[in-house]
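Here is the structure we will look at, set down as structure tokens.
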Amino acid sequence: MKYTVVLPAAGSGKRMKADRNKLLLELSGKPIFIYTLEVFDRDPDCEGMWLAVKADERELIEQYVERYKIKKVKGYATGGAERQDSVRAGLEMAGQCGVVLVHDAARPFISPVVIRELVEQANESGAAIAGVPVKDTIKKVRESVITETVNRAELWMIQTPQAFRYELLMEAAQRAKADGFLGTDEAMLVERMGHPVQIVESTYENVKMTTPDDLIYGKAILASRLQEE
Ligand SMILES: Nc1ccn([C@@H]2O[C@H](COP(=O)(O)OP(=O)(O)OP(=O)(O)O)[C@@H](O)[C@H]2O)c(=O)n1
Ligand SMILES: C[C@](O)(CO)[C@H](O)COP(=O)(O)O
């Protein structure tokens, strides 16, 4: 089943504490975001990628896309102050399509099997997102004191890709903008419209490169994949 993907790539990577957009940092000699783009470039069901980038980074990103021979980038939207603004700009530029995926450019280890499952579920039900069950015990804390231990059986760590029928996500994104609502993922915008969102079990490898320790994990994932080849 065919799909289009919007990739927000216009962040600044404050938590990574790097001297540039963290997506440009290299893992085993290749920029993080190139690994991400390669997954979609290789997927025969992916009809095209739309990147949301900072205006002053566009030229550099285009150069990398060319250097690594990424074929399916259809265009670049100008990202906004918040991730949600960047995603909306990407969606507007992508235009009407059947199923659209939103995927953080900062998650280079997404599994093609999970992508396929998400697209199928979104086509059937309208909305499906990737996630993994939490592994640790989770507690609520106020002023350094535990106030509650939450039932872990109901808790999932949410990732991207998040897949939707295009018109559903576009409506949710426009309503959020009109209401001044800011969510940390796309599903929140769809949930507030009362539309059910399915979860698809993903892998723990699909980590977002957020803090310096994630880079160590990323390098280990690449090394173990090389060994398996
Ligand atoms: N205004 C923004 C903020 C984030 N992103 C993108 O959204 C994804 C996930 O965001 P996050 O990991 O929070 O990235 P940063 O905003 O770069 O990181 P930080 O919050 O640490 O500054 C990344 O691919 C990032 O480039 C974006 O396109 N536009
Ligand atoms: C969308 C997301 O990747 C799901 O885990 C995440 O919520 C992005 O949040 P961030 O705080 O901008 O990293």
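Numbering of ligands and ligand atoms starts at 1, following listing order. Only a predicted model underlies this, so the values are computations on that prediction, with no experimental measurement involved.
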**Fill in**
To the nearest 0.5 Å, atom CD of Glu228 lies from atom CG of Leu226 at 9.5 Å
**Message:** Are more than 12 heavy atoms, taken from residues, nucleotides or ligands other than Gln96, located less than 6.0 Å from that residue's CD atom?
**Reply:** yes
**Request:** Could you establish whether Thr210 and ligand 2 come within less than 4.0 Å of each other, counting only heavy atoms on the residue side?
**Result:** no
**Fill in**
Taking only non-hydrogen atoms of Asp185 and a 4.0 Å limit, the atoms of ligand 2 in range are 1 (C)
**Asked** If we only count N/O pairs under 3.5 Å, is Thr160 in contact with ligand 2?
**Response** no
**Request:** Write down the atom of Ser86, the atom of Ala52, and the distance for their closest heavy-atom approach.
**Result:** O-CB, 3.4 Å
**Item:** Amino acids in close contact with ligand 1, where any non-hydrogen atom sits under 4.0 angstrom away
**Value:** Pro8, Ala9, Ala10, Gly11, Ser12, Gly13, Lys14, Arg15, Lys22, Leu23, Gly80, Ala81, Glu82, Arg83, Ser86, Asp104, Ala105, Ala106, Lys208
**Complete:** Numbered in order shown, the ligand 2 atoms found under 4.0 Å of a heavy atom of Ile158 are 4 (C), 5 (O)
**Prompt:** Where is the nearest protein heavy atom to atom 6 (C) of ligand 2: which residue, which atom, and how far?
**Reply:** Thr184 O, 3.6 Å
**Request:** For residues Pro108 and Val39, report the shortest heavy-atom separation together with the two atoms involved.
**Result:** O-CG2, 4.1 Å
**Message:** Testing the basics here: between Thr36 and Ala105, what is the closest heavy-atom pair and its distance to 0.1 Å?
**Reply:** OG1-O, 2.7 Å
**Item:** Residue that, paired with His103, satisfies ring-ring contact (aromatic ring centres under 6.0 Å, His included) out of Tyr3, Tyr35, Phe33, Phe40
**Value:** Phe40
**Request:** For ligand 2, indicate whether the residue Arg107 contacts it via side chain, backbone, both or neither (heavy-atom separation under 4.0 Å).
**Result:** side chain
**Message:** Checking contacts here: is it the side chain or the backbone of Lys208 that comes within 4.0 Å of ligand 2, counting heavy atoms only? Could be both or neither.
**Reply:** side chain
**Message:** With a heavy-atom distance limit of 4.0 Å, tell me whether Arg15 approaches ligand 2 through its side chain, its backbone, both, or neither.
**Reply:** side chain
**Asked** Looking only at atom types and distance, does a side-chain atom of Tyr166 sit under 3.5 Å from a main-chain N or O of Ala94, one as donor and one as acceptor?
**Response** no
**Asked** Between CG of Asp214 and CG of Leu25, what distance do you get to the nearest 0.5 Å?
**Response** 11.5 Å
**Item:** Pairwise distance CD(Gln159) to CD1(Ile129) - rounded to 0.5 angstrom
**Value:** 9.5 Å
**Distance under 6.0 Å and angle within 45° of ring axis: Arg175 vs Phe181** = no
**Message:** I need the nearest protein heavy-atom contact for atom 3 (O) of ligand 2: residue, atom name and distance, please.
**Reply:** Asp104 OD2, 2.6 Å
